[in-house]
Amino acid sequence: MQTASVFSFHGGIHPPENKTQSLRLPLGRPSLPTELVLPLGQHIGQSSRPLVNIGDKVLKGQTIAINNGFLSSFLHAPTSGTIKAIEERPIAHPSGLSDVCIVIAPDGEEKWSTLTPLQDWNTLSKTDVLAYLAEMGIVGMGGAGFPTQVKLQGAHKHPLTHFIINAAECEPYITADDMLIREKTIELVLGIEALQHLVEAEQVIIGIEDNKPTAIAALNKVLSDRLSNIKVAVVPTKYPSGGEKQLIQLLTGKEVPSGQYPADIGILCQNVGTCVAVHDAIHLGQPLISRFTTLTGDALKAPQNVEVLLGTPIQHLLNYAENDSKKLKRLVMGGPMMGFTLDSANVPIVKTSNCVLAASKKELPQPAPEQACIRCGMCEQACPASLLPQQLLWFSKSQELEKAEHYNLFDCIECGACSYVCPSSIPLVQYYRHTKSSIREAREAAVKSDLAKQRFEARKARQDAEAAEKEAKRLARQKASASKSSETKKVAPKAAPAAAATTATPAGDDSKKLKIDLAIAKTKLKKLQKQLLEAQENEHTEEINTLQLQTSAQEKAVALLEEQLANAVASAPAPVPKAPASDELKKAKVDVALSGTKLKKAQKQLAESPDDAELQAKVAGFEKELADAQARLSKLSADAPASSTAATSAAPKAAVSDELKKAKVDVALLGVKLKKTQKQLAESPDDAELQAKVAGFEKELNDAQARLATLTDQAPAAQPAAANAGDELKKLKIDTAIAKAAVKKVEKALKKAEDLNSPELDTIRQQLKDAQQRADDLEKALANPNTTAPSATPTASSAPAPSQQANADKQRKIDLAIAKAAVKKAEKGILVLQEQGQDQAQIEASGLPDKLSAARAKLADLEAKGESPAATPNNAETTTAAPDEAALKAEQIKKQKIAAALAKAQINKLTKRLADSPQDADSIQLEITAAKQKQQDAEAQLTQLQLAQVTPSQDNTQENR
Amino acid sequence: MLTVLVAVGILLVLSLIFGAILGYANVRFHVEGDPIVDQIDAILPQTQCGQCGHPGCRPYAEAISNGEAINHCPPGGQATIQALADLLDVEAIPLDGDHGTETAKRVAVIREDECIGCTKCIQACPVDAILGAAKQMHTVIADECTGCDLCVEPCPVDCIDMVEVGVTSRTWSWEKPQGIAAQPGSIIATDRQAEVVH
């Protein structure tokens, strides 16, 4: 046993000690209460987690709650009994609030669970011993209830110079530690030795105030008996020398820096109660289930220290200490300086309850009313933490939290010395406590609002990213559909001439083969494009590359073919004014499509890695390229129609296919006009004006058809063979144009002759008939694809008969063919659009349905014209001899035409339905196929009839003659 | 006369020099962003409730920096208004009742057995504090909930309650003392003695 040097600390007070009252009686052991209430939060940190259920039987020392996180503790049953409830009960807290408690109804048997002392504590690893201490529910018993194992772990951060045992017990009235030292000296020393083994400090000092001579003597005796090197430092009585930081300063002369812990300067401090609890845990295997508590105050007739089970209601203890309820005015948990008033005596003793002060009115009078600070400075003199209480008061009163913090408010130990000395009775500590709470709340709010902000911003970022992704996808889709439509624009002209070509080929076998080849090539191209689109949508990069290569190769081939074709067209005798221009146009379109595809690809890559500067540059480059190509294309397409001879001088749209469509519409319209005028002419053959009109219309029709021919010739390709077919087609069309021109010329001549009543009238009429016959044949060759080798050669000239009627008839046929073609084209256009998956609105916008209805109107018109008496194809043969056989035949033809028109109308309806209800696509498609079959049949019959009519009618007329 | 001209010239030269220095410093030490908006945003409670009429706290902070009134934030209450007034050196004005009243801190609680799993509240929550999936029960992460109320409106079955966060023994804080002359008539300290004698 050695004595240690003692230093001093700033400030401090000497309040009346009042310690003798509770030391007059020996240690008491109250009886078991009717119930034990164990709050789950008896310590600093997270509340424990209950392990038991209501109705469970528990033994004394059995674990009833375990730690809930790092800074938490275990809880044990203080006695054997039954779990009565786990519910909210009022607890010993300054707020008077309730908390969750485990309520045990003791069975009175005090039956211990199996106790397993830690015999080999000095050989076990320290971590295991610390874990064991945690399981024994040991917390700091001096006041705060800091879990001991956490404190011991923290002490390992730095090598310890001092291990200080706090036995100062400076607060007035409290003698629990004094009594504990007296009663359990040897246990205390053993506990200290166990802890010293764990922390291995250089010095172990017990700090004790000089007002506990009995305890000091007892300690000295035990320590000298054990030849221990634990020092006892007797410090002068001064409040608050029992404060951790103050005791450290007293015993070591070191001051714990602001905001730091004693462990940071190599010092560990433990309360004597904790040391005894450690001894009980290690040497006896007993968890922390009881503690020493002082029952004192004027209101108690038998003030004393008691060893009390945790959870014992204070009322039970008051009864044990013979409480005089008349005298009791204020019940304080803890001492008069740092304790807090209890609202009720129905709160339990917890691990940190060192005193219950039942004070009379005289003992603890109501605090005097607060008065203004007179700046006497006594609080500063008393402050053991060397703070500036006055300043802190101002800041607290004005809620200047930052300044209060800056003046080290958190170093205040709330000892109450300043309030004690204040002549103005200012409850300084209460101000400080409130301000501390406010600061903590503000900090928590700041943390929470920071978290909320983070989460809000993260969510916003996520939503923005999602929106950007969606937008990028939408753009990609838009681009894809744009490039697809530009591609299909290429396909469309190809398809259109193919349709025309089907009507064109005079030599069946070759042309059929070519057509089939062409169709296959087109299908391949379409498939390729579709695959490319799919691949792009699914982001299969490798596939995209190969497909793009294939597509561009095919497109190049197409361009080459088109060039060849254009050359061929240019070298052809017919006037082809726009071939080179359209060639360039096509190239430009190909360019646009290619750069569009490239751009799409690059954008996709960019969307995947938005930070790639190279990619961005690429995209920009592609965009520029695309813009250039588009500009070129629009310029070319603007030039093209301007150079055309067409009557339509209206501003043309960009693509050739548009032009083509326009030309076709023109042709159709002109045909209608021509037909009407011719009809009128037929009624009044001598009308010069009408004849002039007919001539004008025919000329226009001629021009338009010539234009159509050139346009359709420019468009096709995709296969080398197609060039030949296109060439033939073109020649045929040119022939037709020439023939029509001839018709027109002759008609003009006829008109002149009629005007002059010329004798040449008959010859001219003959000539006209021949020319028209020729034109008709050529038209037929153009219009009827499936005709097997129609007589393209001009039929002989001997056809005098009713030339006017024949003329009208032929014209009607031509009109019909044109109208049919127009209907077909419109349908095809709609189908193509539907294949592209465009919606109804876009189809509507393309004007195709309008065209379709116009074409159908024309067809109906034509059919109305043929509403003269009809004969079935069967009786046609029986009436061959009749003089009006030609008319009958014409009627038959009309009937067939009606059938064809009906079929077409059906197809139209079905296509419309298809567009309206894509979900029934399959069934409607089937119906369409059936209707088409019907239509084809009708058309085949019609062609046969028409062919038959041309020759027999001639025969008949000859016969008639 | 010459003296005057010299003086004026010197002052002119000095002003040009300092102007150049200031101009350079303005460019060289240019502060990115709007620090006042950040400061205001730090004061706002970040409930993102939109009661101020802005989609989130930061837009309101920007609006305040552009001159909007500082009393449009009910969740922040008078404390926030005071803090904003201090920061912006304007007068603290009472909370604008049009934007709501200051209420105790609340959190949303989903009555879980009534939840149909529509995910509408999840989409409404500005801080992603609601957990759940389509056709699965949802629940509120109380610690993350800012009590903004935004999830209550979209709920088709009205199974979300706004529950006040009560004070527990861990969140309780000491009251502020009532201050000087809280008990009129007993200002003089010696009055206490007289009382005790009785």
Side-chain angles (χ1 to χ4, degrees), chain A residues 39 41 45-47 88 90-100 340 361-362 365-373 396-397 399 414 423-438 440-442 444-446 448-460 462-463, chain B residues 38 41-49 55-59 61 75-76 79-80 82-83 86 105 122-123 125-129 141 143-148 166-193 195-198:
Chain A
Q46 290 287 313
S47 293
E88 294 233 327
I91 58 163
H93 193 270
S95 64
L97 287 166
S98 303
D99 205 353
V100 180
F340 51 89
K361 195 175 178 181
K362 198 176 173 186
Q366 278 293 312
E370 180 188 336
Q371 293 174 46
C373 172
S396 296
K397 276 191 166 175
Q399 287 292 292
E414 301 174 21
S424 291
S425 312
I426 300 171
L428 289 151
V429 174
Q430 207 181 327
Y431 278 108
Y432 303 153
R433 280 172 171 166
H434 170 71
T435 309
K436 279 182 176 178
S437 310
S438 300
R440 281 197 201 100
E441 269 172 26
E444 275 163 30
K448 211 175 165 188
S449 80
D450 259 10
L451 199 69
K453 198 170 155 186
Q454 265 176 31
R455 291 177 76 90
F456 177 67
E457 274 162 10
R459 179 173 182 269
K460 226 172 108 187
R462 196 188 67 224
Q463 281 179 334
Chain B
D38 286 335
D41 197 29
I43 288 171
L44 294 174
Q46 304 298 329
T47 50
Q48 319 292 351
C49 63
C57 292
R58 194 170 180 87
T80 297
Q82 187 60 52
D86 290 347
K105 185 170 161 30
I122 293 178
Q123 289 155 34
C125 182
V127 292
D128 285 335
I141 306 168
D143 281 352
E144 310 291 0
C145 179
T146 62
C148 69
V167 177
T168 67
S169 55
R170 283 171 196 278
T171 57
W172 177 84
S173 63
W174 288 85
E175 266 177 36
K176 193 175 180 182
Q178 291 178 323
I180 303 162
Q183 299 145 294
S186 57
I187 295 172
I188 300 164
T190 46
D191 289 356
R192 176 170 53 137
Q193 264 79 35
E195 203 181 323
V196 169
V197 168
H198 276 256

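In what follows, chains are A, B, ... by sequence order, proteins preceding strands, each numbered from 1.
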Segment of [X] engaging chain A (4.5 angstrom heavy-atom cut-off):
X	result
B:T47	neither
B:P45	backbone
B:P55	backbone
B:T146	side chain
B:D86	neither
B:A129	backbone

Checking [X] against chain B: side chain, backbone, both or neither under 4.5 Å from a heavy atom?
X	value
A:R440	neither
A:K397	both
A:A445	neither
A:I426	neither
A:S424	neither

Kindly compute the distance separating [atom1] ([X]) from [atom2] ([Y]), expressed to the nearest 0.5 Å.
X	Y	atom1	atom2	answer
B:E144	A:Q454	CD	CD	10.0 Å
B:Q48	A:R455	CD	CZ	12.0 Å
B:E175	A:R433	CD	CZ	13.0 Å

Worked check of side-chain contact (heavy atoms from CB on, under 4.5 Å) between A:R462 and B:D128: CA-CA 11 Å; A:R462 196 188 67 224; B:D128 285 335; 2.8 Å; yes
For each of A:A372, A:S438, A:A458, tally heavy-atom pairs with chain B at distances under 4.5 Å, and name the one with the top tally. A:A372
Under 4.5 Å, counting heavy-atom pairs only, tell me which of A:P427, A:P94, A:A442 racks up the most with chain B. A:P94
With no hydrogens and no angle check, is any side-chain donor or acceptor of A:R459 less than 3.5 Å from a backbone partner on B:C125? yes
For B:S173 versus A:E441, what's the shortest heavy-atom pair and its separation? OG-OE2, 3.2 Å
With side-chain contact (heavy atoms from CB on, under 4.5 Å) as the test, would you mind laying out the steps for B:K176 and A:Q399 before giving the verdict? CA-CA 10 Å; B:K176 193 175 180 182; A:Q399 287 292 292; 4.2 Å; yes
For a 4.5 angstrom cut-off between non-hydrogen side-chain atoms, does A:K448 reach B:K105? yes
